[in-house]
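We use all heavy atoms of the structure for the numbers below, so side chains are in, but hydrogens, waters and symmetry mates are not. Reminder, nothing fancy here: chain letters follow the sequence lines and each chain counts from 1.
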There are 2 protein chains.
Amino acid sequence: MATLNYSKQRQAILDLLQSRKDHPSAEVIYQTLRKSMPNLSAGTVYRNLKLLTELGQIKKLTGLDGVDHFDGTTSPHSHFICQCCGKVDDVFFEADESLNEKAASHCNGKIQSHHVYFYGTCNECLKK
Amino acid sequence: MATLNYSKQRQAILDLLQSRKDHPSAEVIYQTLRKSMPNLSAGTVYRNLKLLTELGQIKKLTGLDGVDHFDGTTSPHSHFICQCCGKVDDVFFEADESLNEKAASHCNGKIQSHHVYFYGTCNECLKK
DNA sequence: GAAAAAATTAATAATCATTCCTGTTTTTAT
DNA sequence: ATAAAAACAGGAATGATTATTAATTTTTTC
């Protein structure tokens, strides 16, 4: 994995994502880091999130609530979205080899990867 | 399925989506329908796409190229995104029952549905 | 079939996440 | 240490989507 992370700002963004188990948006990342880096710029956060995503060091999650969320866990996993509260949990469940293979014959091209989103109601919301 | 579709505009949007196998964006739908409905408004397209999505009569696809795309096929299926040309194909491949069940034990809630995105290179792009 | 009520539309303004731009600062390479 | 390259801060611009409002169309009721 490419390890060209010079700046304090970029490293702080990556560290934050790797230390959290939730999936913060760019805005949340910006507001969180601003507390310790008062003149951090929002553009810097967006630019580095885009760069880190392209380098594969973080994952971008879309289609949750209109804004993009980011995930510092790079090992393959799925996501569970609570349709009640909007929370996004990691689901460490491996369907990988088999899923790509099974779908291959139904597909007009070569599959390289996949991403599974599960939708439902989380335990907290079920209690209500 | 609820069938409360009064207006010409709403019906035209639904018909268009059901007659196409690709997954047009709101803008493409707007420009296409405008040819036969010259004073169609973009807001009408967006409002009806949102409504039809909420009613479950169409599906919204996010995270493809920054803009939302829409799918008139309601039977459960997956999608294959070509990372080369951006094309989105339907993949009629059923992993349903098993996938939700298998993931259930790894999940902090009750799974109701899922959506699988496959990423790869389509046959056209492979030839190049 | 016409009048009243409800729903929908067109047009336009507003919003808001994200990207772009410019001049400055930090990092890297020599 | 110095020059070149990369990255930053701050703010302006972009662009997809949503909200507003008055007018029109559709549905309902008689």
Side-chain angles (χ1 to χ4, degrees), chain A residues 1-17 22-71 81 86 88, chain B residues 1-17 22-55 57-72 81 86 88:
Chain A
M1 189 185 293
T3 344
L4 14 150
N5 295 297
Y6 332 109
S7 73
K8 285 194 188 79
Q9 291 89 339
R10 183 174 304 158
Q11 192 62 50
I13 292 167
L14 186 56
D15 287 348
L16 177 73
L17 279 172
D22 62 346
H23 307 82
S25 63
E27 179 66 19
V28 168
I29 294 168
Y30 173 52
Q31 295 301 342
T32 303
L33 291 178
R34 222 147 85 90
K35 291 169 190 163
S36 53
M37 307 174 84
N39 48 5
L40 174 68
S41 160
T44 297
V45 174
Y46 279 98
R47 180 165 30 79
N48 281 301
L49 287 172
K50 193 177 183 184
L51 177 66
L52 290 168
T53 302
E54 286 163 2
L55 291 175
Q57 303 203 7
I58 63 176
K59 295 276 179 192
K60 181 164 79 167
L61 306 178
T62 58
L64 305 181
D65 59 356
V67 309
D68 292 343
H69 291 246
F70 296 87
D71 185 344
I81 296 118
V88 183
Chain B
M1 189 185 292
T3 346
L4 14 150
N5 295 297
Y6 329 111
S7 73
K8 287 194 189 78
Q9 291 87 341
R10 185 174 303 158
Q11 192 61 53
I13 292 166
L14 187 55
D15 287 348
L16 178 72
L17 279 172
D22 63 345
H23 307 82
S25 64
E27 179 65 18
V28 168
I29 295 168
Y30 173 52
Q31 295 301 341
T32 304
L33 292 179
R34 222 146 86 89
K35 291 170 190 162
S36 51
M37 308 175 81
N39 48 6
L40 175 69
S41 160
T44 297
V45 174
Y46 279 100
R47 180 167 31 77
N48 281 301
L49 288 171
K50 193 178 183 183
L51 179 66
L52 291 168
T53 301
E54 284 163 3
L55 291 175
Q57 303 203 7
I58 64 175
K59 296 276 179 193
K60 180 164 80 165
L61 306 177
T62 57
L64 304 182
D65 60 356
V67 308
D68 292 342
H69 290 246
F70 296 88
D71 185 344
I81 297 117
V88 183

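One interatomic measurement links the two molecules: CG of B:Leu49 to C1' of D:dT18, which rounds to 13 Å at whole-angstrom precision. With rounding to whole Å, A:Ile29 atom CD1 is found 14 Å from C:dA17 atom C1'. To the nearest angstrom, P of C:dC16 lies 17 Å from CG of A:Asp68. Rounded to whole angstrom, the span from the OH atom of B:Tyr46 across to the P atom of C:dT8 amounts to 20 Å. Protein atom CD1 of B:Ile13 is 12 Å distant from nucleotide atom P of C:dT8, rounded to whole Å. Counting to the nearest Å, the P atom of D:dT17 and the CD atom of B:Glu27 are 9 Å from each other. D:dT17 atom C1' lies 10 Å from atom CZ of B:Phe70, rounded to whole Å. Straight-line distance from the OH atom of B:Tyr30 to the P atom of D:dT17: 14 Å, rounded to whole Å.
Across all their heavy atoms, B:Leu40 and B:Leu33 have their closest contact at CD2-CB, 3.6 Å. Shortest non-hydrogen contact noted between A:Val45 and A:Ala26 is CG1-O, 3.8 Å. The shortest heavy-atom contact between B:Thr53 and B:Leu49 is OG1-O, 2.6 Å. The two residues A:Thr44 and A:Ile13 have their closest heavy-atom pair at O-CD1, 4.2 Å. When every heavy atom of A:Thr62 is checked against every heavy atom of B:Gly63, the shortest pair comes out as OG1-CA, 3.1 Å.
Phosphate proximity of C:dT9 to B:Arg47: present, with a side-chain N or O under 4.0 Å from OP1 or OP2. Contact between the side-chain N/O atoms of B:Gln9 and the OP1/OP2 oxygens of D:dT25 is not found at any separation under 4.0 Å. Dashed line: the shortest gap from a side-chain N or O of B:Asn48 to OP1 or OP2 of C:dT9 is under 4.0 Å. The side chain of B:Lys8 places no N or O atom within less than 4.0 Å of a non-bridging phosphate oxygen (OP1 or OP2) of C:dT9.
The side chain of B:Lys50 lies closest to D:dT18, out of D:dG10, D:dT18, D:dT17. Comparing D:dA7, C:dT9, D:dT27 against the side chain of B:Tyr6 picks out D:dT27 as the nearest.
Across its full length, the helix from C:dG1-D:dC30 to C:dT30-D:dA1 shows an angle of 40° between the axes of its 5 terminal pairs at either end, rounded to 10 degrees.
Between B:Gly43 and B:Ser7, the one whose closest nucleotide on DNA chain C sits nearer the 5' end is B:Ser7.
Formation of a donor-acceptor pair under 3.5 Å by the B:His69 side chain with backbone atoms of B:His23 is found in this model.
A heavy-atom distance below 4.5 Å is found between the side chains of B:Arg34 and B:Gln31.
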